Number of protein chains: 2
Amino acid sequence: MDESAPPSPETDEPPTLAQVAAYAGVSPITVSRVVRLPALVAVPTRQRVEAAMLALGYVPNLVAGSLASARTRSVGVLVPTVANAIFADTIQGISDALEPLGYAVFLAQSRYDPDREDKMLAALLARRPEALIMVGSPATAAGARMLRRARIPVVETWDLPDDPIDAVAGFDNTKAGAVVARHFAASGRRLLGFLGGDDPRATRRWLGFQRVALEAGLDAPLRVVHARNAGAGVAAADGMRGLDAVFVANDALAIGLLSGLRHMGRRVPDDVAVIGLGDLETGRLINPALSTVRIDGETIGRTAAGLTISRDGPRRVDLGFELLTRETG
Amino acid sequence: MDESAPPSPETDEPPTLAQVAAYAGVSPITVSRVVRLPALVAVPTRQRVEAAMLALGYVPNLVAGSLASARTRSVGVLVPTVANAIFADTIQGISDALEPLGYAVFLAQSRYDPDREDKMLAALLARRPEALIMVGSPATAAGARMLRRARIPVVETWDLPDDPIDAVAGFDNTKAGAVVARHFAASGRRLLGFLGGDDPRATRRWLGFQRVALEAGLDAPLRVVHARNAGAGVAAADGMRGLDAVFVANDALAIGLLSGLRHMGRRVPDDVAVIGLGDLETGRLINPALSTVRIDGETIGRTAAGLTISRDGPRRVDLGFELLTRETG
DNA sequence: TGGAGGAATGACAGCGCTATCATTTGGCAC
DNA sequence: GTGCCAAATGATAGCGCTGTCATTCCTCCA
């Protein structure tokens with residue numbers, strides 16, 4: 001590391017640990033200890049090294065450190081999309097729990113596309129994260145195999161799969177659908193509809209919803225598959241003409257549907273009841289206030305983070321959900 | 001790399017490139033080429049190596065690759081919080097632009113805290129990202145110095161600082177505030193208020209807002225500083241009693257304010273006009289539809305990503321904004 | 001007063017790749 | 001045939017750290 005020239009502050013290349021060591025007159029390993037295990041270094045030495053780091057503007061190279069120690073202090077996070085408040089809360093929970101511990105978060109989006117999911121999974125694992133947290137379960141067998149072979153903690157969230165790869169922090173989507181259908185039936189609704197995506201979690205909600213509706217002796221409910229953004233909700237209103245109750249798989253979509261319904265002149269909840277999922281903050285503030293199945297995305301994230309840090313305790317956490325009936329149903 | 005035992009599929013440790021090479025009967029460098037520069041390898045050799053990778057379940061170790069090549073193929077992204085739709089869109093834009101190119105995204109949150117921002121900046125830079133994108137500018141001189149010394153592309157977003165570290169993709173916050181005040185004045189409002197955080201960008205909006213209000217001969221406008229979530233907006237309504245027009249620094253907060261105003265019996269826009277910022281999708285769907293200053297967070301993200309990839313072209317991109325007057329003002 | 005034991009520091013090798021420069025081989029023009 | 005060049009493959013060294021053992025120097029008590 002440049003033995004000829006004397007080490008000096010403010011060179012062009014970022015200084016290495018060895019340069020800091022030379023500047024402070026200690027061995028490289030001592031500098032390494034000052035960074036990672038300061039208690040092992042005598043106070044005067046430590047101060048000398050710290051002064052050297054400051055003078056040279058030393059920023060440790062964690063890439064090299066990770067390779068040497070086989071610990072990257074990073075976790076991979078795979079979500080369908082970040083532009084959905086529902087997952088943003090989960091990311092926030094993960095990040096808040098992990099950043100203070102020195103872990104970095106690698107973020108990737110699958111866009112609800114199994115191929116892209118596998119690609120992103122491979123890309124994340126290539127960075128050797130110490131754990132991986134994902135929304136849902138791998139869509140393909142290849143993805144599941146990669147995760148299993150990685151031999152790191154894997155947390156599946158926003159669902160409660162029967163055969164998880166490792167750990168789970170989520171809730172029972174089937175039950176959520178069932179609870180909403182039961183509520184609709186109990187409040188005298190007869191013609192039910194379900195609006196949502198066709199990913200596995202939305203499908204499970206639909207299955208629970210449909211089962212209970214049929215068990216209650218109602219007509220077969222209608223399932224409408226749409227994009228997940230609020231604009232799509234507006235458009236979907238048209239397809240809901242004959243119905244008197246709709247369960248919408250996410251709150252943003254539900255707010256859109258409310259808007260569409262309003263423009264069609266249908267009164268909520270008198271003509272149609274609407275229940276969303278996620279408990280978006282704005283849902284509770286609009287008029288009429290949106291009824292919803294409350295899911296605590298941030299707690300899911302924090303719990304998932306906890307499951308990656310410690311392998312003790314139960315590996316399957318059901319965080320549950322809560323039906324909040326406000327004004328729309 | 002375990003020369004004694006014959007290389008075999010499905011061992012417990014993840015296989016290394018050298019093991020794949022031994023299995024395929026080629027040298028390590030050839031396997032490396034199959035992964036990175038397949039065109040350089042003859043087809044039969046390539047197929048043999050690919051078969052070996054598949055058989056052993058090889059996942060390249062990018063940590064080692066990064067150290068050897070001094071290219072991490074990652075970018076750091078620092079936002080105040082991900083749980084704000086406004087920044088989630090930007091992250092989405094960044095991620096959508098960069099992931100197809102093989103870049104990974106390191107995400108960190110500053111929580112609007114300068115100390116935490118510096119910590120996160122240091123943590124990100126320690127991972128040796130090839131570029132760094134942040135919302136706003138570094139809050140401290142130390143943070144700015146770290147970024148400058150890192151000698152990587154740095155993109156500041158959501159603002160247009162006069163002395164950027166490197167590149168900028170944002171809009172003029174001062175002007176945004178000014179435009180809203182001008183609109184309020186032109187539509188006959190007299191008692192203006194500003195509701196928002198006290199971060200530099202919100203403050204710039206306030207400054208532009210205040211200046212124009214005073215220039216228009218209106219009373220000195222009121223500034224109310226609050227938390228940034230929608231719930232805080234509800235609470236803020238009380239402090240807005242005397243006003244007939246409020247500019248709210250973000251749409252979620254504005255929706256909260258609308259709710260608070262409604263509960264106080266104040267009519268919008270007859271008694272009070274409200275204009276938000278961000279153009280949250282739900283803002284346009286609620287009743288009355290929220291007027292807002294539209295900012296395209298996703299385009300900011302994509303543009304910022306573009307500025308990290310290429311150093312050519314202008315390093316300062318003003319993406320502008322648009323005042324959308326809907327029903328609340 | 002000798003040696004056990006802890007505190008402080010260092011030497012050395014190696015993590016799993018890739019940059020760089022060889023080397024080998026075969027095809028082709030003359 | 002000879003020489004030349006491109007295509008294909010390999011040998012070597014090293015990226016910037018850390019794990020694992022030394023080694024040195026005290027202190028403290030039998």
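What you see below is based on every heavy atom in this structure, not just the backbone, and it leaves out hydrogens, waters and symmetry mates. The chains referred to below are lettered A, B, ... by the order of the sequence lines, with proteins before strands, and numbering in each begins at 1. No experiment lies behind these values; they were computed from the predicted model shown.
For Leu37(A) and dA8(C), the CG to P distance is 13 Å, given to the nearest whole Å. One interatomic measurement links the two molecules: CG of Leu62(B) to P of dC15(C), which rounds to 19 Å at whole-angstrom precision. With rounding to whole Å, Asn61(A) atom CG is found 13 Å from dT18(D) atom C1'. Between the P atom of dT9(D) and the CG atom of Leu40(B) lies a distance of 10 Å, rounded to the nearest Å. Regarding Arg73(A), its CZ atom lies at a distance of 15 Å from the C1' atom of dC17(D), rounded to whole Å. What separates CG of Leu67(B) from P of dC15(D) is a distance of 9 Å, to the nearest Å. When the C1' atom of dT9(C) is taken as reference, atom CZ of Arg48(A) falls 11 Å away, rounded to whole Å. Between the P atom of dT18(D) and the CG atom of Leu17(A) lies a distance of 6 Å, rounded to the nearest Å.
The shortest distance between the side-chain N/O atoms of Ser32(B) and the OP1/OP2 oxygens of dC17(C) is not below 4.0 Å. At dC17(D), one or more side-chain N or O atoms of Tyr58(A) fall inside 4.0 Å of OP1 or OP2 (strictly under the cut-off). In this model, the phosphate group of dT9(C) is approached by a side-chain N or O of Thr45(A) to a distance below 4.0 Å at OP1 or OP2.
Put simply, the side chain of Glu117(A) gets close to the backbone of Ala139(A): a donor and an acceptor are under 3.5 Å apart.
Residue Arg33(B) places its side chain closer to dC21(C) than to any other of dT18(C), dC17(D), dC21(C). Considering only side-chain atoms of Val26(A), the nucleotide from dG10(C), dG10(D), dG16(D) that sits closest is dG10(C). The nucleotide whose nearest atom lies closest to any side-chain atom of Val41(A) is, among dT9(C), dT9(D), dT18(C), dT9(C). Taking only side-chain atoms of Thr30(A), from C-beta outward, the nucleotide of dT9(D), dC17(C), dG10(C) with the closest atom is dG10(C). The nucleotide whose nearest atom lies closest to any side-chain atom of Ile29(A) is, among dG10(D), dT18(D), dG14(D), dT18(D). Nearest to the side-chain atoms of Arg36(A) among the listed nucleotides dA8(D), dG19(D), dG14(C) stands dG19(D).
Between Ala42(A) and Ser69(B), the residue whose closest nucleotide on DNA chain C is further toward the 5' end is Ala42(A). Along DNA chain D, the nucleotide closest to Ser27(B) and the one closest to Ala64(B) are compared, and the more 5′ of them pairs with Ser27(B).
No engagement by Ala70(A) is indicated, since no non-hydrogen atom pair under 4.0 Å with the nucleic acid exists.
A salt bridge does not link Arg111(A) with Asp113(A): every distance from a Lys NZ or Arg NE/NH1/NH2 to an Asp or Glu carboxylate oxygen is 4.0 Å or more. Salt-bridge annotation for Arg116(B) and Asp96(A): present, with a side-chain N of the basic residue lying under 4.0 Å from a carboxylate O of the acidic one.
Residues Met146(A) and Ala122(A) share a closest heavy-atom pair of CE-N, 3.5 Å.
A donor and an acceptor atom, one from each side chain of Gln92(A) and Thr81(B), are located under 3.5 Å apart.
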